[in-house]
Amino acid sequence: MEKTDSRRPTGLLLVAVPVLLMAWLIIWPIFSAIGRTIWRPDANGETGFTLSSYVFFFSDQYSINNLMITLWTTGVCALFLLLICLPIAIYLRFSTGKIPAYVQALAIFPMFVPSIILAYAFIRVLGPNGMVDILLNSVGLPKIRTPYLTPWGPVIGMVWDNIPLTVLILLSGLGSVSNQSIEAARDVGAKRLQVLWYIILPRISNSVLVAISFAVLGIFSSFTLPYLLGPASPEMMGPFMNRTFREVNDPINAITQAVITFCFCIAFGLFYVRSVARNQGK
Amino acid sequence: MTTIAPTRPRLDWTGIVFAAVLSIAIIFPLLVVGTWAFTEVWRYPNVIPQQFGFRFWGQTLGRPDVWAALTLSLQLSTVVTLLSAAICLPAAYAFARLDFPGRSILFFSFLAGHAFPKFGLLIAIAAIFLQLNLIGTFWGVVLIQLVGTLLFMIWIPVAAFQSVDRRMEEAARDVGAGPFRVFWSVTLPQAGPTIAAAVLLSFVGTFYETEGAWLIGAPGIRTMPVLMISFINNQMVIQFGAVLSVLLWVPSFIALIFARRVIGGGAFARGFGG
């Protein structure tokens with residue numbers, strides 16, 4: 001009896017509102033953005049196919065600089081995230097006890113600190129005359145060159161912000177590495193690094209890519225931290241788009257910049273969605 | 001008679017190093033903010049504030065813009081969370097339990113929002129809101145924040161409904177319970193805690209949501225995080241920001257305590273693709 005009931009479209013009705021909302025506010029804006037930037041009135045007022053806003057972006061040195069600083073920040077953040085989170089995740093996977101529990105709690109903690117509070121804490125600690133300067137001064141050392149308002153400001157902030165999910169994703173991937181396979185490798189005389197390189201990394205390469213994709217998608221167009229901690233010029237794509245849209249009041253060029261960020265992230269986005277969908281399907 | 005000496009566990013040096021470094025990198029900055037919130041005078045280069053006190057709490061809480069932002073943020077988060085629960089929970093139940101055409105593709109289509117860089121997507125949405133005159137309005141911000149909760153509020157409850165023991169439901173039905181009674185007495189108590197965690201996280205997430213509120217809401221709508229941005233950018237009194245940070249934190253800590261179970265579990269990381 002249940003089977004005959006279940007083919008009825010009741011389900012479709014129940015999911016209709018969120019699906020329509022998603023179609024209207026996620027799918028449609030993306031197509032609309034692409035459409036509006038390539039199909040619009042030219043100088044003579046005739047509507048037609050034009051790439052002029054893209055040509056402008058890639059011929060404007062300021063835009064190019066912003067794109068470059070964004071690529072640099074994203075790359076550096078991804079690298080640091082891996083260097084910091086992979087050892088933490090491996091340590092957590094193969095230890096038990098009070099200390100690993102504490103380390104895990106700390107590693108997840110930034111998830112519960114809004115980036116706006118992080119930005120404020122960053123300025124108080126690493127900013128000019130911040131806590132680090134105070135401590136250095138008290139032991140007679142010179143002040144640091146503050147990373148606040150330099151490209152390193154957003155890097156530090158965003159690495160801090162992204163540690164929890166990166167560790168969680170890597171840890172989840174490490175779940176598939178069995179203790180036996182490690183012990184077997186140890187028994188035949190493999191060193192620590194060899195175990196890491198030949199046993200662990202190949203098994204979690206997918207998780208590593210997922211973690212990187214997730215971080216890249218978040219960092220490439222991030223707004224709050226670059227806006228508050230980064231330099232005014234060149235600025236990352238997030239603040240750049242915000243300024244073009246809000247202050248310069250130029251929606252077409254802002255959308256063009258958005259579509260360009262989509263293009264740079266599309267490979268990571270597709271890979272990420274594919275992996276999540278495959279994991280859920282299991 | 002020989003006694004075997006208990007082998008003392010080796011000191012976990014790796015763990016101690018990680019714990020020490022992470023404590024400094026993660027707890028220390030927050031402690032500094034906490035100290036600033038209860039400081040009345042702290043002149044460089046003193047290591048310890050010269051005078052502690054609550055004077056700036058009174059001043060911060062006496063500011064009309066802080067109160068306005070706090071009420072607005074609470075209103076927004078409540079409206080968004082209620083709307084989100086109202087439309088997402090039935091959908092989650094349908095995804096978990098009912099069979100209908102296009103079920104999988106629709107279920108995974110909610111990932112679309114995560115396949116694109118978020119701020120770029122916000123700009124594309126803002127361009128559409130510009131034509132609809134939704135920029136700077138309460139409902140514009142509600143819509144943008146509502147979209148942000150969709151994936152979360154559907155996927156976690158779906159997992160909750162799926163983990164309910166079907167045999168108990170069938171047993172209840174066998175002894176004569178109606179479908180509503182089964183849902184109320186068997187399904188909900190099992191799925192409830194996870195769903196409550198999802199609702200709580202969506203409330204906290206909305207409360208802290210900054211970028212949508214900043215891009216869509218300004219200048220009319222000033223939520224707490226948006227106010228905090230302006231405090232960071234152009235407020236000379238350091239303590240206002242510190243007090244606001246500590247205030248903003250309360251919901252976060254509550255969420256941390258209640259949501260630990262969900263986040264510690266593997267389902268959460270798998271939801272992010274781990």
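So that the names make sense, note that chain A is the first sequence line, chain B the second, and so on, each numbered from 1.
- Counting heavy-atom pairs under 4.5 Å between each of B/Trp214, B/Tyr208, B/Trp36 and chain A puts B/Trp214 at the top.
- Comparing A/Leu228, A/Leu135, A/Ile219 by how many heavy-atom pairs each has under 4.5 Å with chain B, the most go to A/Leu228.
- Using a 4.5 Å cut-off between heavy atoms, A/Ala33 touches chain B through its side chain atoms alone.
- Neither the backbone nor the side chain of A/Leu171 comes within contact range of chain B; no heavy atom of the residue lies under 4.5 Å from a heavy atom of that chain.
- The number of heavy-atom neighbours closer than 6.0 Å to CG of A/Leu141, taken from other residues, nucleotides and ligands shown, is above 12.
- For the options A/Val113, A/Ile84, A/Ile117, heavy-atom pairs under 4.5 Å to chain B are most numerous at A/Ile117.
- If you tally non-hydrogen atom pairs under 4.5 Å between each of B/Tyr93, B/Phe95, B/Phe207 and chain A, the highest count goes to B/Phe95.
- Comparing B/Asn233, B/Leu215, B/Ile238, B/Val204 by how many heavy-atom pairs each has under 4.5 Å with chain A, the most go to B/Ile238.
- Side-chain atoms of A/Trp160 do not come within 3.5 Å of backbone N or O of A/Ser115 as any donor-acceptor pair.
- For A/Pro87, the parts sitting under 4.5 Å from any heavy atom of chain B are the backbone and the side chain alike.
- For the pair B/Leu143 and A/Trp24, the minimum side-chain heavy-atom distance is below 4.5 Å.
- In this structure, the separation between OG1 on B/Thr149 and CD1 on B/Ile144 is 11.5 Å, given to the nearest 0.5 Å.
- Of the listed residues B/Phe129, B/Phe28, B/Phe116, the one with more heavy-atom pairs under 4.5 angstrom with chain A than any other is B/Phe116.
- With respect to chain B, the highest number of heavy-atom pairs below 4.5 Å among A/Lys143, A/Met237, A/Gln257, A/Arg274 belongs to A/Lys143.
- Looking only at heavy-atom pairs under 4.5 Å with chain A, the residue among B/Cys88, B/Pro225, B/Ser109 that has the most is B/Ser109.
- Of all the listed residues (B/Ser23, B/Ser84, B/Ala92, B/Ser104), the one sharing the greatest number of non-hydrogen pairs under 4.5 Å with chain A is B/Ser23.
- Heavy-atom pairs under 4.5 Å with chain B were tallied for A/Ala254, A/Gly238, A/Ser138; the largest tally goes to A/Gly238.
- Between the A/Thr224 side chain and the A/Ser222 main chain, no donor and acceptor come within less than 3.5 Å of each other.
- For A/Phe112 and B/Trp249, the ring centers sit 6.0 Å or farther from each other.
- Of the two parts of A/Ala211, neither the backbone nor the side chain holds a non-hydrogen atom closer than 4.5 Å to a non-hydrogen atom of chain B.
- Contacts with chain B were tallied for A/Tyr102, A/Trp28, A/Phe245; A/Phe245 has the most, counting heavy-atom pairs under 4.5 Å.
- For chain B, the nearby parts of A/Met241 are the backbone and the side chain; heavy atoms of each come within less than 4.5 Å.
- Residue contact with chain A, scored on non-hydrogen atoms closer than 4.5 Å, involves the backbone and the side chain of B/Val47 alike.
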